[in-house]
**Student:** 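Pasting in a structure now, in structure tokens, and then I'll have a few things to ask.
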2 protein chains.
Amino acid sequence: MVVRLDITDEELDKLFRALADTTRRDILRRTLVGEASVSALAGAYDMSFAAVQKHVAVLEAAGLVHKTTSGRERLVRADPEQIARARSLLVELESLWRHRLDRLDAILSEDLE
Amino acid sequence: MVVRLDITDEELDKLFRALADTTRRDILRRTLVGEASVSALAGAYDMSFAAVQKHVAVLEAAGLVHKTTSGRERLVRADPEQIARARSLLVELESLWRHRLDRLDAILSEDLE
DNA sequence: GAGACGTACAACCATTTGGTTGTAGGTTAG
DNA sequence: CTAACCTACAACCAAATGGTTGTACGTCTC
């Protein structure tokens, strides 16, 4: 079964925007390997708790992570589906480029006729 | 030959940032299929010439497109290498997630011992 | 040479972003 | 119960973003 790539431009904007920050990419790495609480994440960076909280919120709005409640903690866990969607778009773009090369080949072949 | 993924965090920030805009992704599609002048691109969008010029500049700073001079025109052409780099990072992230699943499998196996 | 075309770039503006501090509320430990 | 911990959220601020208009300069056409 092939995953449908029905994703709006707005969602893609949020997705790539969320990936366009070093701290957020690092949070993604950590929560892909294993879930972590917001304060555990905050302890890893040289910025305030609230700043890290905002980064997590950006990732969450992009669908890259989800939060689950566990007592007084909120555990953050990455969701690889949105990463796959972003990758799919890049693959689509690369295929456009290959298509250009194919057309170039076709034109060169025509010249030989 | 494998492409080395030596790219700084700052470059990745610019790369994903450049991809996080619908107009810029569209410019990328057009210039992947075939090169286009800045004014030709500007004619395709409902915004000023200068605005499109800025979008092209963002793509250029991220290394996603290059400009060549042809008379009074500047032809914009996409470079798929940076797209491949962004894709590589996403693949790396996805592999981290698979690693988590592997660890989970290992833990479950240990319980059976 | 004159005018039209294509581009670059500066100046300006509203909004968003990424950070801060402070306040408040739910949860756990002693 | 009280104190410490974890989180949420508002208010604020500087800088970046995405748009605009205006000006200037090289290039093509007639």
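Residue numbering restarts at 1 for every chain, and letters A, B, ... go by the order of the sequence lines.
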**Student:** Which parts of nucleotides 19-30 of chain C does protein reach within less than 4.0 Å, heavy atoms only, written one letter per nucleotide 5' to 3' as B for base, S for sugar-phosphate only and - for none?
**Tutor:** BBB-----BB--

**Student:** Starting at CG of A/L75 and ending at P of D/dA8, how long is that distance when rounded to a whole Å?
**Tutor:** 11 Å

**Student:** Check every atom of C/dT7, D/dT7, C/dT17 against the side chain of A/V38 and return the nucleotide holding the closest atom.
**Tutor:** D/dT7

**Student:** Answer yes or no: does a side-chain N or O of A/R74 lie under 4.0 Å from OP1 or OP2 of D/dC6?
**Tutor:** no

**Student:** Could you go step by step and tell me if A/R29 and B/L93 meet the side-chain contact (heavy atoms from CB on, under 4.5 Å) rule?
**Tutor:** CA-CA 6 Å; A/R29 283 196 193 87; B/L93 291 180; 3.5 Å; yes

**Student:** Please walk me through it: do B/T22 and B/Y45 pass side-chain contact (heavy atoms from CB on, under 4.5 Å)?
**Tutor:** CA-CA 11 Å; B/T22 305; B/Y45 307 103; over 6 Å; no

**Student:** To the nearest 0.5 Å, tell me how far A/L59 CG sits from A/H66 NE2.
**Tutor:** 11.5 Å

**Student:** Do any N or O atoms from the side chain of B/S70 and from the backbone of B/E73 form a donor-acceptor pair under 3.5 angstrom?
**Tutor:** no

**Student:** Judged by atom type as modelled, is there a donor-acceptor pair below 3.5 Å linking the side chain of A/R25 to the main-chain atoms of B/D9?
**Tutor:** yes

**Student:** Could you state the atom-to-atom distance from CZ of B/R25 to P of D/dG18 in whole Å?
**Tutor:** 12 Å

**Student:** Please tell me if B/S39 has a side-chain N or O lying less than 4.0 Å from either OP1 or OP2 of C/dC5.
**Tutor:** no

**Student:** When A/L64 is tested against each of A/D79, A/I27, A/I83 for side chain to side chain contact (heavy atoms under 4.5 Å, CB included), which residue passes?
**Tutor:** A/I83

**Student:** Could you work out how much the helix from C/dG1-D/dC30 to C/dG30-D/dC1 bends, comparing the axis of its first five pairs with that of its last five, to 10°?
**Tutor:** 30°

**Student:** Using OP1 and OP2 only, check whether a side-chain N or O of B/Q53 sits under 4.0 Å from C/dT7.
**Tutor:** no

**Student:** Could you state the CG-P distance from A/D13 to C/dT15, rounded to the nearest angstrom?
**Tutor:** 19 Å

**Student:** Verify, without hydrogens or angle tests, whether A/R24 (side chain) and A/R17 (backbone) share a donor-acceptor contact under 3.5 angstrom.
**Tutor:** yes

**Student:** Run the side-chain hydrogen bond (donor to acceptor under 3.5 Å, both in side chains) test against A/S39 and tell me which residues pass, sequence neighbours left out.
**Tutor:** A/S37

**Student:** Could you go step by step and tell me if A/F49 and A/V38 meet the side-chain contact (heavy atoms from CB on, under 4.5 Å) rule?
**Tutor:** CA-CA 8 Å; A/F49 175 86; A/V38 180; 3.7 Å; yes

**Student:** Between D/dG26 atom C1' and B/K67 atom NZ, what is the distance in whole Å?
**Tutor:** 15 Å

